[in-house]
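Have a look at the structure below before the remarks.
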Amino acid sequence: MRWLGRALNASILIAFSALPINANAQNDCKKPLYLTFDTGHMEVAPLIADVLQRQQVKVTFFAAQEPTKQGDGSLGSHWAAWWRARGGEGHAFASHTWNHVYWRADLGDAAAPAFRVRPSAGPRQGQEFTMGAPEYCEELARAADRLQALTGQKPLPLFRAPGGKTSPQLLASAKACGYTHVGWAPAGFLGDELPSEKFSNDALLRKALQGIRSGDILMAHLGIWSRKDAWAPAVLEPLIVGLKAKGFCFRTLREHPDYALGQVR
């Protein structure tokens with residue numbers, strides 16, 4: 001923890017001293033990265049927003065109405081001002097399903113697709129049941145509609161399935177109602193949901209700085225319940241500063257060649 005504190009303070013000083021160079025690098029983007037955040041318990045969300053604003057990094061948020069440590073869920077009224085501020089800063093937004101619905105298995109057939117699912121939020125939290133493709137599309141649309149109401153920005157026609165768990169049938173069903181799935185690069189799994197007893201913040205930072213390559217989609221969360229030593233913001237700012245020092249720049253999925261707005265429907 002003492003090392004992380006020193007690293008974080010040092011990274012802030014580096015960020016401010018190198019700001020003109022980093023600003024030019026961000027404008028002349030030849031090695032783009034796409035940092036994304038899925039919702040979580042939201043306790044670290046204000047600290048993450050501070051880092052992103054200080055570093056002038058725009059990201060893509062995938063949001064569901066998940067349980068939170070404060071307030072009435074990650075897309076509830078308690079967090080409305082936070083989302084509104086992120087919309088004003090120019091971040092991008094997309095659906096993570098409304099009730100954080102995990103795909104478990106395919107049911108039905110191509111003519112009438114259905115899925116065994118288990119939400120981790122909402123009135124049926126923890127229950128396993130069958131959901132038809134129309135109901136799954138409603139899950140996607142409800143989160144997107146709420147994001148638009150909160151941020152004032154039209155969400156991207158993208159989604160991320162909780163846990164990244166999908167099937168060809170699920171992807172086809174989502175595509176039919178206008179949503180394209182977005183996963184992450186192998187090196188882009190930043191490890192914030194791993195147990196800190198086995199995967200320290202120091203080790204996760206080193207691994208990410210060594211493994212990330214141009215074009216990678218990176219994934220972290222706005223708070224993970226199970227991790228004792230929170231990944232964000234302790235690792236986030238040193239990671240951003242270190243990646244900038246390697247010549248990387250940050251873009252939202254609006255600018256990704258595979259997912260740019262207007263190209264995925």
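Quick note: numbers below take in every heavy atom, side chains included, and nothing from hydrogens, waters or symmetry partners.
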Margin query: When you measure from the side chain of Glu255 to the backbone of Thr252, do you find a donor-acceptor pair of N or O atoms at a distance under 3.5 Å?
Written below: yes
Side-chain contact, heavy-atom cut-off 4.5 Å: Leu75 with Trp83?
yes
Nearest heavy-atom contact between Met131 and Val117 is CB-CG2, 3.9 Å
Between Met42 and Thr68 the two heavy atoms that sit nearest each other are CG-CG2, 3.5 Å
Smallest heavy-atom separation, Pro233 atom then Val51 atom, equals CB-CG2, 4.0 Å
Query raised in the report: If we only count heavy atoms from C-beta on, is the Phe93 to Thr60 side-chain gap below 4.5 Å?
Result: no
* Are the side chains of Lys228 and Glu197 in touch, meaning some heavy atoms are under 4.5 Å apart? -> yes
Nearest heavy-atom approach of Ala230 to Ala234 is O-CB, 4.1 Å
Set out, in order, the CA-CA distance, both residues' side-chain angles and the distance that settles side chain to side chain contact (heavy atoms under 4.5 Å, CB included) for Leu194 and Lys198, then state yes or no.
CA-CA 8 Å; Leu194 298 174; Lys198 294 182 178 180; over 6 Å; no
Those residues at least two apart in sequence (or on a different chain) that pass salt bridge (charged side-chain N to carboxylate O under 4.0 Å, His left out) with Asp192 are none
- Message: Is there a side-chain contact between Trp231 and Leu204 in this structure, where contact means two heavy atoms from C-beta onward sitting under 4.5 Å apart?
- Response: yes
* Asked: Any side-chain donor-acceptor pair under 3.5 Å between His100 and Ser120?
  -> yes
Out of curiosity, does Val235 fall in the hydrophobic cluster containing Phe199 (side-chain heavy atoms, cut-off under 4.5 Å, transitive links)?
yes
In short, Trp79 meets Gly73 closest at the heavy-atom pair CD1-O, 3.4 Å
Check: Do Tyr102 and Trp98 belong together in a cluster built from hydrophobic side chains that touch within less than 4.5 Å?
Finding: no
Handout entry: Arg206 side chain to Asn201 side chain, donor-acceptor N/O pair below 3.5 angstrom
Key = no
Begin from the C-alpha positions of Phe159 and Trp103 and carry the test ring-ring contact (aromatic ring centres under 6.0 Å, His included) through to its verdict. CA-CA 13 Å; Phe159 82 105; Trp103 171 88; over 10 Å; no
With no hydrogens and no angle check, is any side-chain donor or acceptor of Thr151 less than 3.5 Å from a backbone partner on Gly87? no
- Task: Examine Leu47 and Val241 and state if one hydrophobic cluster contains both, with Ile, Leu, Val, Met, Phe, Trp and Tyr joined whenever side-chain heavy atoms are less than 4.5 Å apart.
- Result: no
request  = Take atom NZ of Lys31 as the centre, draw a 6.0 Å sphere, and report whether it contains more than 12 heavy atoms from other residues, nucleotides or ligands.
outcome  = yes
- Can you check whether His96 reaches Pro162 side chain to side chain, under 4.5 Å on heavy atoms? yes
Side-chain heavy atoms of Leu147 within contact of Gln153, under 4.5 Å = no
*Does some side-chain heavy atom of Gln65 sit less than 4.5 Å from a side-chain heavy atom of Arg146?*
no
* To do: Please determine, by modelled atom types, if Ser77 and Asp72 share a side-chain donor-acceptor pair under 3.5 angstrom.
  => yes
Answer yes or no on whether Arg104 is positioned over the face of Phe115, meaning its NZ or CZ is under 6.0 Å from the six-membered ring centre and within 45° of the axis.
no
Assess whether ring-ring contact (aromatic ring centres under 6.0 Å, His included) is satisfied between Phe61 and His91, documenting all intermediate values. CA-CA 8 Å; Phe61 293 102; His91 298 286; 5.4 Å; yes
List the steps, then state whether side chain to side chain contact (heavy atoms under 4.5 Å, CB included) holds for Leu35 with Leu236.
CA-CA 11 Å; Leu35 179 56; Leu236 178 60; 4.2 Å; yes
Distance col, row Asp216:CG vs Leu33:CG, nearest 0.5 angstrom, shows 6.5 Å
| field | same_hphob_cluster(Leu52, Ile224) at 4.5 Å side-chain heavy-atom cutoff | value | no
Item checked: Side chains of Glu139 and Asn99, donor plus acceptor under 3.5 Å -> yes
* **Check: Thr97 side chain, Val101 main-chain N or O, donor-acceptor pair, under 3.5 Å** => yes
Take Lys244 and Cys249, measure what side chain to side chain contact (heavy atoms under 4.5 Å, CB included) needs, and give me the verdict at the end.
CA-CA 6 Å; Lys244 284 182 177 180; Cys249 48; over 6 Å; no
Salt bridge (Lys or Arg N to Asp or Glu O under 4.0 Å) pairs touching residues 37-46, sequence neighbours excluded, are Asp38-Arg160, Glu43-Lys69
Cation over ring face, Arg84 and Trp82, 6.0 Å, 45° = no
Taking C-beta and beyond as the side chain, do Phe250 and Pro32 meet within less than 4.5 Å on heavy atoms?
no
Closest non-hydrogen atoms of Pro67 and Trp225, given as atom of the first, atom of the second and distance, are O-CZ2, 3.7 Å
Disulfide bond (SG atoms under 2.5 Å apart) pairs touching residues 47-132, sequence neighbours excluded, are none
Shared hydrophobic cluster for Tyr136 and Leu107 (ILVMFWY, side-chain gaps under 4.5 Å):
no
Report the C-alpha distance between Thr36 and Val59 in whole Å, list the side-chain angles of each, state the deciding distance to 0.1 Å, and finish with yes or no for side chain to side chain contact (heavy atoms under 4.5 Å, CB included). CA-CA 6 Å; Thr36 69; Val59 305; over 6 Å; no
Between the CD atom in Glu193 and the NE2 atom in His221, the distance rounded to the nearest 0.5 Å is 4.5 Å
Between the side chains of Ser74 and Glu66, is a donor N or O closer than 3.5 angstrom to an acceptor N or O?
-> no
